[in-house]
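Take a look at the structure set out below.
Along the sequence shown, the residues carry numbers beginning at 1.
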Amino acid sequence: MNMRILRVILILLWGLGLCSAQLSQNFYAKVCPDVENIVKKAVSAKFSQTFVTVPATIRLFFHDCFVSGCDASVIVASTAGNTAEKDHPDNLSLAGDGFDTVIKAKAAVDAVSSCKNKVSCADILALATRDAIVLAGGPTYPVELGRLDGLSSTSASVEGNLPQPSFSLDQLNKMFASKGLSQTDMIALSAAHTVGFSHCSRFANRIYNFSRQNPVDPTLDPQYATQLQGMCPKNVDPRVAINMDPATPRIFDNAYFKNLVQGKGLFTSDQVLFTDSRSKNTVSTWASNPQSFNTAFIQAITKLGRLTATNGNIRFDCGKFN
């Protein structure tokens, strides 16, 4: 690649606010050498209080990284003069336990004098995400560190930057490609739906009014559709939530792909990964080969974590700018 083209690509990436910073696994070796153990202990304590810690933290990381990079901007609270990312409609369902996990881990880190105000909220969220995955039985992996906390958080910046449950494979691939992620990365990261829950409204169209000819989405397993209708009757309380993985909802595993093979993907954007021939083989492979999935997931979440803010600082309070 000639230098002129490279410069153009870099300018475009910087213009998007996304660029791979110089991250390293031992970034805090001199200022806060025990940071990983401090965060792990805080996440474990939170996990012992509620399992929701796991899906809430993973989802918080994903929603953060997909908007302006992994810069903890999704944690910032709105003010009288600014509606922040967390108050965009797509983020209102983010569970408070994810925010609380990061806030408590940040407090634990800052309680160590040499670490105080030296570790970014963005890095703490990245570490907490790995620790949450491991606590749920998922794979461990080295976390690259050195992110800065973003200097901006607006609701407007979220618009059009997060995948929707109704997305087709083309829409999913286009959105992930815009973040430098491949179809394989997208399928691997989608498996985060192996833990966590969803509100009925997010998939009600699939079990009641999918189309004039088929009120129930024909790609849904009929028995599973009936089960969903029982848990999510029409006019259900909007606060009702159900597990996204009907098989092993508290284990981070490859059951997500086994569910897709059986027609038990909760969202259209899940089930399409098996019904579309372009992604079907990957789903089938990972349904029967958990180690292959784990390897792909580690590669994908590492790439996701390399989307960083182009400028920022280390926030004293994760919930507000310095």
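- Atom-to-atom distance recorded for Thr219:OG1 and Lys264:NZ is 14.0 Å, nearest 0.5 angstrom.
- There is a side-chain donor-acceptor pair under 3.5 Å between Ser93 and Arg59.
- The list of salt bridge (Lys or Arg N to Asp or Glu O under 4.0 Å) pairs with a residue in residues 35-50, not counting sequence neighbours, reads Glu36-Arg130, Lys46-Asp97, Lys46-Asp100.
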Stepwise side-chain contact (heavy atoms from CB on, under 4.5 Å) check, Asp276 with Lys280: CA-CA 6 Å; Asp276 194 304; Lys280 183 175 183 175; over 6 Å; no

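- Under the salt bridge (Lys or Arg N to Asp or Glu O under 4.0 Å) criterion, Lys106 pairs with Asp110, not counting sequence neighbours.
- For the atom pair Asp253 CG and Thr248 OG1, the distance stands at 3.5 Å (nearest 0.5 Å).
- Under a 3.5 Å cut-off, the side chain of Asn26 and the backbone N or O of Ala29 do not form any donor-acceptor pair.
- Nearest heavy-atom pair, Ala42 versus Ala105, reported as atom, atom and distance to 0.1 Å: CB-CA, 3.7 Å.
- In this structure, the side chains of Val67 and Val74 stay at 4.5 Å or more apart for every pair of heavy atoms.
- Cluster partners of Phe321, using a side-chain heavy-atom cutoff of under 4.5 Å among ILVMFWY residues and allowing indirect links, are Val76.
- Inter-residue side-chain proximity for Ser120 and Asp149 is flagged as met; some heavy-atom pair is nearer than 4.5 Å.
- Taking the side chain as every heavy atom from C-beta outward, Ser198 and Phe267 approach each other to under 4.5 Å.
- Of the listed residues (Thr101, Val52, Asp131), just one forms a side-chain contact (heavy atoms from CB on, under 4.5 Å) with Thr57, and that residue is Thr101.
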Trace of the side-chain contact (heavy atoms from CB on, under 4.5 Å) decision for Val43 with Leu135: CA-CA 9 Å; Val43 176; Leu135 284 167; 3.8 Å; yes

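- Side-chain atoms of Phe210 and Pro215, non-hydrogen and from C-beta on, never get closer than 4.5 Å to each other.
- Hydrophobic clustering (side-chain heavy atoms under 4.5 Å, transitive across Ile, Leu, Val, Met, Phe, Trp, Tyr) groups Met175 together with Leu189.
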Audit row: Ser114, Val31, side-chain contact (heavy atoms from CB on, under 4.5 Å) steps and yes/no: CA-CA 6 Å; Ser114 64; Val31 295; over 6 Å; no

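- Between the CD atom in Gln229 and the CD1 atom in Ile207 there is a gap of 5.5 Å [rounded to 0.5 Å].
- Between His199 and Phe197, the ring planes lie perpendicular to each other; the angle is over 60°, past the 30° to 60° tilted range.
- A donor atom on one side chain and an acceptor atom on the other are found under 3.5 Å apart for Ser73 and Glu85.
- Classified by interplanar angle (parallel below 30°, tilted 30° to 60°, perpendicular above 60°), the ring pair Tyr256/His193 is perpendicular.
- The aromatic ring centroids of Phe257 and Phe274 lie 6.0 Å or more from each other.
- With a 4.5 Å cut-off on side-chain heavy atoms, Val39 and Val109 count as touching.
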Val195/Ile251 under side-chain contact (heavy atoms from CB on, under 4.5 Å): CA gap, chis, key distance, verdict: CA-CA 7 Å; Val195 289; Ile251 304 174; 6.0 Å; no

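- Pairs passing the salt bridge (Lys or Arg N to Asp or Glu O under 4.0 Å) check and including a residue from residues 206-234, sequence neighbours excluded, read Arg206-Asp217.
- Panel note: side chain Ser157, backbone Thr154; a donor-acceptor pair is recorded below 3.5 Å.
- Ser284 OG to Asn289 CG: the interatomic distance, rounded to the nearest 0.5 Å, is 12.0 Å.
- For Leu266 against Asp270, the heavy-atom pair with the smallest separation is N-OD2, 3.8 Å.
- The hydrophobic cluster containing Val236, built from Ile/Leu/Val/Met/Phe/Trp/Tyr side-chain heavy atoms closer than 4.5 Å, also comprises Val240.
- With Arg147 as the partner, the side-chain contact (heavy atoms from CB on, under 4.5 Å) test is satisfied by one option alone out of Leu23, Ile314, Val119, Asp71: Leu23.
- The number of heavy atoms from other shown groups lying within 6.0 Å of CD (Gln49) is above 12.
- Pairs of residues two or more places apart, or lying in two chains, that qualify as salt bridge (Lys or Arg N to Asp or Glu O under 4.0 Å) and include a residue from residues 151-171 are Asp170-Arg278.
- A 6.0 Å sphere centred on NZ of Lys303 holds more than 12 heavy atoms belonging to other residues, nucleotides or ligands.
- Phe62 has its side chain within reach of Pro163: a pair of non-hydrogen atoms, C-beta onward, lies under 4.5 Å apart.
- When side chains are defined from C-beta on, Leu145 does not count as touching Ser24, because their heavy atoms never get closer than 4.5 Å.
- A donor and an acceptor atom, one from each side chain of Asp185 and Ser182, are located under 3.5 Å apart.
- The hydrophobic cluster containing Phe252 also contains Ile298, counting ILVMFWY residues as joined when their side-chain heavy atoms lie under 4.5 angstrom apart, directly or transitively.
- The side-chain hydrogen bond (donor to acceptor under 3.5 Å, both in side chains) test applied to Asp87 returns Ser78, not counting sequence neighbours.
- Every pair passing salt bridge (Lys or Arg N to Asp or Glu O under 4.0 Å) that includes a residue from residues 136-146 is listed here, sequence neighbours excluded: Glu144-Arg306.
- For the pair Lys86 (side chain) and Leu92 (backbone), a donor-acceptor distance under 3.5 Å is absent.
- No side-chain donor-acceptor contact under 3.5 Å links Asn294 and Tyr141.
- Residues satisfying the side-chain hydrogen bond (donor to acceptor under 3.5 Å, both in side chains) criterion with Tyr28, sequence neighbours excluded, are Asp123.
- Smallest separation of non-hydrogen atoms from Ala300 and Ala188: CB-CB, 4.1 Å.
- Interatomic distance, CG of Asn254 versus OG of Ser288, reported as 8.0 Å (0.5 Å rounding).
- Side-chain N or O atoms of Thr226 include one that pairs as donor or acceptor with a backbone N or O of Pro222 at under 3.5 Å.
- Leu172 contributes atom CG, which lies 9.5 Å from atom CD1 of Ile187 (distance to the nearest 0.5 angstrom).
- Using a 4.5 Å cut-off between side-chain heavy atoms of Ile, Leu, Val, Met, Phe, Trp and Tyr, Phe316 forms no hydrophobic cluster with any other residue.
- In this model, a donor atom of one side chain and an acceptor atom of the other lie less than 3.5 Å apart for Asp245 and Asn259.
- Phe203 is listed as a side-chain neighbour of Ile242, based on a closest heavy-atom distance under 4.5 Å.
- In this view, Arg315 satisfies the side-chain hydrogen bond (donor to acceptor under 3.5 Å, both in side chains) rule with no residue, not counting sequence neighbours.
- The hydrophobic cluster containing Phe47 also contains Phe61, counting ILVMFWY residues as joined when their side-chain heavy atoms lie under 4.5 angstrom apart, directly or transitively.
- Following chains of ILVMFWY side-chain contacts shorter than 4.5 Å, one can reach Phe176 starting from Trp286, so the two form part of one hydrophobic cluster.
- Residues meeting the side-chain hydrogen bond (donor to acceptor under 3.5 Å, both in side chains) test with Arg239, sequence neighbours left out: Asp237.
- Side-chain heavy atoms closer than 4.5 Å link hydrophobic residues (I, L, V, M, F, W, Y) into clusters, and following such links, possibly through other members, connects Phe51 to Ile58.
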